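Below is one structure, written out as structure tokens; the observations come after it.
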Amino acid sequence: MDTPKEIMYNQNSIVIVTILFFLILLAHEAGYRLGHYYQSKTDRDVKTQTNTIQAGTLGLLALILGFTFNMSLQRYNNRSQSVIHEANAIGTTLLRTQLLPQPYDTVTHALLQRYINLRLDVSNTDDVSVIEKPHLDDETKKLQGDIWINAVKAARIDPRPVTTGFFITSLNNMIDAQGERNAMLQLHVPEVILFLLFIVFIMSGALMGYGSGLGRRRTFIPAMMMTFLICLVVFIIIDLDRPKRGIIKINQNIMFQLKND
């Protein structure tokens with residue numbers, strides 16, 4: 001069963017935030033005009049109730065915003081941990097190539113170095129690439145198969161569990177770590193939560209504009225500054241949620257260090 005395609009995940013985050021910014025300002029302007037229209041027909045009690053509802057909506061906005069930010073940050077941390085886990089698994093496998101009989105020790109070590117370069121290429125590839133990503137996935141599976149074949153041949157020469165057996169165990173862990181990391185890359189904030197967040201933002205902008213329209217003076221500059229800060233936080237949430245594109249990326253230094261081993 002195919003997973004449903006999401007609309008915003010493949011879009012540029014700057015474009016999404018810019019559209020959201022102008023939609024909030026547009027809702028603020030519409031709310032202000034509506035509030036200004038009813039200004040003379042509204043008494044103090046209605047204005048007080050409007051301010052109470054506005055404060056409650058802003059509280060709901062802060063709650064959803066904090067929940068979504070925590071969700072995206074948690075996924076970012078999980079992806080960072082998966083990189084460390086995979087790097088440790090590859091490093092252990094590299095060390096245990098010394099347990100293999102010749103010539104499989106040097107041959108397997110060279111294959112693992114190619115594997116590290118391939119994993120770094122995967123890390124530097126845009127997640128939405130329709131050309132490079134499938135090719136790199138195929139290369140990864142092929143290289144894993146070549147390393148496994150060497151391990152099987154080495155086990156036929158030296159079947160002892162404390163030598164070749166240790167290497168095969170670490171090789172299994174390395175393959176499992178690669179699968180776990182790929183799974184972590186597919187986890188991100190559900191799009192329905194982002195849509196809910198945007199709806200609350202737009203409605204909050206309309207309520208702020210409506211409350212401003214009921215008063216005698218308009219607070220446009222503070223509302224614009226608040227809208228900008230909201231969109232900035234949304235940009236950070238989206239950027240954290242996209243592991244291979246954007247400003248915030250997963251640190252790959254631990255993988256680079258393996259190239260020298």
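None of these values were measured; they are calculated from a predicted model. Sequence positions, counted from 1, serve as the residue numbers for this chain.
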List for me each residue that meets side chain to side chain donor-acceptor pair (under 3.5 Å) alongside [X], sequence neighbours excluded, and say none if there are none.
| X | answer |
| --- | --- |
| R75 | none |
| S72 | none |
| R156 | none |
| N117 | K259 |

Q.
Is it true that, when you exclude I221 itself, more than 12 heavy atoms of the residues, nucleotides or ligands shown sit nearer than 6.0 Å to its CD1?
A.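 Atom CD1 in I221 is not crowded, with 12 or fewer foreign heavy atoms closer than 6.0 Å.
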Q. Quick check: are there more than 12 heavy atoms from other residues, nucleotides or ligands sitting under 6.0 Å from CZ of F22?
A.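 No.
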Q | salt bridge (Lys or Arg N to Asp or Glu O under 4.0 Å) involving K142 - partner list, sequence neighbours excluded | A |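 Residues passing salt bridge (Lys or Arg N to Asp or Glu O under 4.0 Å) with K142: D146.
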Apply side-chain contact (heavy atoms from CB on, under 4.5 Å) to [X] and list each qualifying residue two or more places apart in sequence or on a separate chain.
| X | result |
| --- | --- |
| F67 | M71, I193 |
| L232 | none |
| A206 | A27 |

Can you measure from [atom1] ([X]) to [atom2] ([Y]) and round to the nearest 0.5 angstrom?
| X | Y | atom1 | atom2 | value |
| --- | --- | --- | --- | --- |
| L143 | L112 | CG | CG | 8.0 Å |
| I168 | I147 | CD1 | CD1 | 13.0 Å |
| D137 | E139 | CG | CD | 10.5 Å |

Which pairs, with at least one residue in [range] and sequence neighbours excluded, count as a side chain to side chain donor-acceptor pair (under 3.5 Å)?
| range | answer |
| --- | --- |
| residues 82-91 | H85-E180, E86-R119, E86-R181 |
| residues 168-179 | Q144-Q178 |
| residues 22-35 | E29-R33, E29-R218 |

**Q.** P101 backbone acceptor or donor facing D158 side chain under 3.5 Å
**A.**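 It does not hold such a pair.
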Test item: [X] and [Y] side chains (from C-beta on) under 4.5 Å apart, heavy atoms:
| X | Y | value |
| --- | --- | --- |
| F201 | L197 | yes |
| Y104 | I157 | yes |
| V107 | K153 | no |

**Q.** L25-I199 co-clustered via ILVMFWY side chain contacts under 4.5 Å
**A.**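 Each belongs to a different hydrophobic cluster.
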Q) In terms of hydrophobic clusters joined by side-chain contacts under 4.5 Å, are F167 and V162 together? A)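 No, because F167 and V162 fall into different hydrophobic clusters, even though each may have its own neighbours under 4.5 Å.
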Q.
If the test is side-chain contact (heavy atoms from CB on, under 4.5 Å), which one of L258, I254, L95 qualifies with I90?
A.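 Filter result, single survivor: L258.
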Q) In the hydrophobic clustering that connects Ile, Leu, Val, Met, Phe, Trp and Tyr at side-chain heavy-atom distances below 4.5 Å, which members other than L207 occupy its cluster, ordered by chain and number? A)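 Once heavy-atom contacts under 4.5 Å are chained together, L207 belongs with I53.
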**Q.** Test log, rule side-chain contact (heavy atoms from CB on, under 4.5 Å), inputs T164 and L100
**A.** CA-CA 6 Å; T164 310; L100 298 178; 4.0 Å; yes
